[in-house]
Amino acid sequence: MRLTRFSDIGLRVLIYLARAGERPVPVTVAEIASQFDVPANHLVKVVGQLGRHGWIQATRGRNGGLRLHADPAALKIGAVLRKLEGEDELADCGARSCQLSPDCILRDALAEGLRAFYDAMDRYTLADITKGSTGQKVVRMHRAFIQRLAS
């Protein structure tokens, strides 16, 4: 299984916002786009989805920006990925005429693998993945951005 770019960006946004803390300026889409080198128009779609799920709060306008709206200690990575990736079958067995379909074990094996993946991701929260060196790197990214603004 490979994550879509959409989910990858969604996780990065959540990680970045989780360590924004009490910044004097809000985090903007433009900031995240520049920090992670992703197209702003694609990022807007991701941010919209994260907002619809209640994980972030987006405020429009001159002083607007993004803030994490979920508790990092309660937000499970598996739950995020289920919403962003979906839980569809890995192989689209039903849409194709396949001679193996009635007796195929592959479909069940893939479904079991997908469940195992999500179960493993459910063992991690946003707080878990933003502590340690990853979290410190994000904090340094925030500080560098604020310093660039001040210059």
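Positions are given from 1, in the same order as the sequence printed here. Keep in mind that the numbers below use all heavy atoms, side chains included, and drop hydrogens, waters and symmetry copies.
- Residues satisfying the side-chain hydrogen bond (donor to acceptor under 3.5 Å, both in side chains) criterion with Arg19, sequence neighbours excluded, are absent altogether.
- One distance of note links CZ of Arg148 with CD1 of Ile146; it measures 9.5 Å at 0.5 Å rounding.
- Under the side-chain hydrogen bond (donor to acceptor under 3.5 Å, both in side chains) criterion, the residue pairs touching residues 124-136 are Thr125-Asp128, with sequence neighbours excluded.
- Looking at His142, its side chain never comes within 3.5 Å of a backbone N or O of Lys137 through a donor-acceptor pair.
- Residues Leu106 and Leu114 fall within the same hydrophobic cluster, defined by Ile, Leu, Val, Met, Phe, Trp and Tyr side chains chained together at heavy-atom separations under 4.5 Å.
- Applying the side chain to side chain contact (heavy atoms under 4.5 Å, CB included) test to Ala116 and every residue at least two apart in sequence or in another chain returns nothing.
- Cluster annotation: Tyr16 and Val44 are assigned to the same hydrophobic cluster (Ile/Leu/Val/Met/Phe/Trp/Tyr, side-chain heavy-atom contacts under 4.5 Å, transitive).
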Which side-chain N or O atoms in residues 51-68 pair as donor and acceptor under 3.5 Å with protein atoms at least two apart or in another chain?
residue: Arg52; atom: NH1; partner: Gly48; partner atom: O; Å: 3.4
residue: Arg52; atom: NH2; partner: Gln49; partner atom: OE1; Å: 3.1
residue: His53; atom: NE2; partner: Gln49; partner atom: NE2; Å: 3.2

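- The distance from atom CD1 of Ile129 to atom CE of Met121, rounded to the nearest 0.5 Å, is 9.0 Å.
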Show me the donor-acceptor pairs, under 3.5 Å and distance only, between side chains in residues 2-13 and residues at least two apart or in other chains.
residue: Thr4; atom: OG1; partner: Ser7; partner atom: N; Å: 3.2
residue: Thr4; atom: OG1; partner: Ser7; partner atom: OG; Å: 3.3
residue: Thr4; atom: OG1; partner: Glu85; partner atom: OE2; Å: 2.8
residue: Ser7; atom: OG; partner: Glu85; partner atom: OE2; Å: 2.6
residue: Asp8; atom: OD1; partner: Arg12; partner atom: NE; Å: 3.0
residue: Asp8; atom: OD2; partner: Arg12; partner atom: NE; Å: 3.4
residue: Asp8; atom: OD2; partner: Arg12; partner atom: NH2; Å: 3.3

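- To the nearest 0.5 angstrom, Glu112 atom CD is 10.0 Å from Leu110 atom CG.
- Residues Ile32 and Thr28 form no side-chain contact, since every pair of their non-hydrogen atoms from C-beta on lies 4.5 Å or further apart.
- Residues passing the side chain to side chain contact (heavy atoms under 4.5 Å, CB included) test with Ala79, sequence neighbours excluded: Lys76.
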Side chain to side chain contact (heavy atoms under 4.5 Å, CB included) between Leu14 and Leu75, intermediate numbers included: CA-CA 10 Å; Leu14 291 172; Leu75 185 56; 4.2 Å; yes

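- Within the 4.5 Å cutoff, the side chain of Arg123 has no heavy atoms near those of the Ile77 side chain.
- Residues Val138 and Ile15 form a side-chain contact, since some pair of their non-hydrogen atoms from C-beta on lies under 4.5 Å apart.
- The main-chain N or O of Phe145 is never found under 3.5 Å from a side-chain atom of Glu31 such that the two would form a donor-acceptor pair.
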